[in-house]
Every structure is written in structure tokens, then in C-alpha cells.
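Written out below as C-alpha cells is the structure these notes cover.
A, B, ... follow the sequence lines: proteins, then strands. Residue 1 opens every chain.
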Amino acid sequence: MPSATSDTARPPAAGDAGPALLPVKVVVAGGFGVGKTTLVGTVSEIAPLRTEAAMTALSVGVDDTSQVSGKTTTTVALDFGRARLNDRLVLYIFGTPGQDRFWFMWDDLVEGAVGAIVLVDTRRLADSFGPLEYFEKKGSPFVVAVNEFAGAHDYSDEELREALGLGADVPLLRGDVRDRASAKAMLVELAQHALRRRRAVPAP
Amino acid sequence: MTRPFALVGGRTRASVPLSLETLVTTAGEVPARAGTSPETLALLRLCSAPRSVAEVSALLHLPLAVARVLVSDAVHAGLVRTTDADVDPDLFLEEVLDAFRNF
């Protein structure tokens, strides 16, 4: 759920013309090198930006700093883009950090999002298992988009669904993340899916 | 060069809930009063057009947690206001779908 609007100290009307602009958030997930940042760039009307989230945490999992006792600070880079959709809406599209161990950042990312596009490279299907599992558990709407790399094996939809363990209700599409029409199709499919899910009777 | 966390007194938790995409807009005139930090002034200039918290962080070169505290403090001081998409989710999604179809 999106957090509440804080309209503290609403200013005088001067310079406050028109309806408020609302943010729309979409998350792009998938394995390392699958094209997340490329998709962000295709959708964005500005050069993609990067924000650094400094995470201070007790050692997370096993990594190079695990021999250091106590707190460690990890910097997680998030790439994102922006696209003005119309008078009222502005889209922010965020790429998830590449490594699964930054799951703690994902909650922050996914909160309030329309949903996620999980990108899949058919040469490295297993790389998408982590993201798929995350969104399934979280109950967030997501679509799966195969980024069609030249030379990649062409699996049928049935083969892919089985290999990825996708439910019949999860949209599966194919495209090229460099192509705007492909990116648009992914966004439309995601919004349709999110809307269908909201309207459906919740599963028991 | 000031250490980023010194700007916000070492605090890393904003007191206003701010998502990455929460839009921040400068509320009216930028104050000329003394004591407004350079970072706050930069924030107010940046947000003369709505900017997300993520953009504030990226464009002011501040870690996300620091940007959040800066924005949160500015909200409390009445210098900026924030907007989230907290409208009816069904209507909002329909609007989003429509916008994506015209993308």
C-alpha cells in the first residue's frame, strides 16, 4: 500500500496550479546482466539516475566483510528512470540491485509499486528464480518478460512456464528491452495484470 | 566537504514516511532566512518542479537515507509538501493502464 500523503502546511495557491502530479512506480528485476538497466533506459526520458542507499546492517550473509565483527555498511546502487506519462502521472522505473543478498532493499522498492517486470535470459533461467520467488512470496503483481538475446535457445511458452514454475495466471511475454514498443507492451501487460488481480476474488 | 551524515545530525531515519517515488514539491517561496542550510536551499531549488525522493538523492548526491531526513525535516518546517499515489487503487490502476497504453 502506498503511504499516506502528507500535506502538511499546504501553501497558498500561488504556484500551486492544477491537480497534483502522482508518482507511478514500476520495478524491474532479474538476474545480473539480463538487461534491467537497459530497460530502465529505454523507458526513461532522462539519462538514468543512480541513487546510493547506504545500508548499515549487521553482516548480511557471508561476504568479504564477514570476518569484521559488528556493523558493516554496504552501499547498494539503484538505477532508475523517469517518464512523464501525462498531466497527472509520472512514472519512476527502478532496477533492483543485482545481487539477491540485497533483498532487504527490495521491500522498500516494491512498496507501493504497480508491480514488477521480471526479466529472463533463457541462457540463464536459474538467475530469475530468486526474483520470481521474492515476488510470489510478497504477493506483488509481476509479469515475466523474456529478453530475447540473439543466439539464445528458443523455448516454447509451455517449456518456459514449466522451467520457471510459473502459474497460468502470470503473464509471460517476449521482447527486446532496447525497443520502446517492447517496453510499452511489458508496462501495459503489468498494469492489466495488476488490475485483474485486484478485481479477482482473493484466493483462499 | 561535509560528511553526508553530519548534515542530518547522524540521524538516518526520517520521521515522515517517504517512499523512493514520493514526490517532493517546494511549498511557495524559498525562504531567505538565515539558518537555512545550503542542502535545504538546494532541495528547495531542485523541487520547484516535483521530484521524487530518489531524484533528490541522486541529483543532490546524497545517500538515500540522508535525502530522506533532509526532506522529512523540510516537510516539518513547512518548506516542501509531498505526494504519494494514495488514491483509490482500482481507479489509479485504470488510469495507469490508460497512460501505459498511450506511452
message = Please determine whether salt bridge (charged side-chain N to carboxylate O under 4.0 Å, His left out) holds for the pair B:Arg68 and A:Asp108, giving the CA-CA distance in whole Å, both sets of side-chain angles, and the decisive distance to 0.1 Å.
response = CA-CA 13 Å; B:Arg68 279 182 160 140; A:Asp108 204 15; 3.1 Å; yes
Check whether any side-chain N or O of A:Lys184 sits under 3.5 Å from a backbone N or O of B:Phe100 as a donor-acceptor pair, and report yes or no. no
Apply the test side-chain contact (heavy atoms from CB on, under 4.5 Å) to residues B:Leu64 and A:Glu52: give CA-CA distance (whole Å), side-chain angles for both, the deciding distance (0.1 Å), then the verdict. CA-CA 6 Å; B:Leu64 196 55; A:Glu52 308 258 300; over 6 Å; no
query = Does CZ belonging to A:Arg196 count more than 12 external heavy atoms closer than 6.0 Å?
reply = yes
Note to self: Please determine whether the number of non-hydrogen atoms from other residues, nucleotides or ligands lying under 6.0 Å from atom CZ of A:Phe129 exceeds 12.
What the structure shows: yes
Given side-chain contact (heavy atoms from CB on, under 4.5 Å), test A:Val24 with B:Phe92 step by step and report yes or no. CA-CA 9 Å; A:Val24 177; B:Phe92 183 67; 3.7 Å; yes
The interface call for A:Ala183 against chain B, heavy-atom contacts under 4.5 Å, is neither
Tightest non-hydrogen contact, residues A:Leu49 and B:Glu55, listed as CD1-CG, 3.9 Å
Output for pair (A:Leu22 CG, B:Leu23 CG), nearest 0.5 Å, gives 7.5 Å
Closest non-hydrogen contact found for B:Ala54 with A:Thr51 is O-CB, 4.1 Å
Flag side-chain contact, heavy atom, 4.5 Å: B:Asn102 against A:Leu85: no
Practice item. Could you walk me through whether B:Thr22 and A:Tyr92 pass side-chain contact (heavy atoms from CB on, under 4.5 Å), step by step? Key: CA-CA 10 Å; B:Thr22 297; A:Tyr92 288 98; over 6 Å; no
Turns out that what part of A:Leu187 lies under 4.5 Å from chain B's heavy atoms comes down to both
A:Lys25 and B:Glu21 have their tightest heavy-atom pair at NZ-OE1, 2.9 Å
Most heavy-atom pairs under 4.5 Å with chain B, out of A:Leu91, A:Leu195, A:Val114, A:Asn86, belong to A:Leu195
If you tally heavy-atom pairs under 4.5 Å between each of B:Ser48, B:Ser52, B:Pro50 and chain A, the highest tally belongs to B:Ser52
Original post:
Hey, does B:Leu93 have a side-chain heavy atom less than 4.5 Å from the side chain of A:Arg198?
Top reply: yes
Among A:Ala185, A:Ala191, A:Pro23, A:Ala181, the residue with the most heavy-atom pairs under 4.5 Å to chain B is A:Pro23
Applying a strict 4.5 Å limit to non-hydrogen atoms, the region of A:Val90 in contact with chain B is side chain
Before you tell me yes or no, could you show the steps for A:Leu89 and B:Val96 under side-chain contact (heavy atoms from CB on, under 4.5 Å), namely the whole-Å CA-CA distance, both residues' side-chain angles and the distance that decides it to 0.1 Å?
CA-CA 8 Å; A:Leu89 301 175; B:Val96 168; 4.3 Å; yes
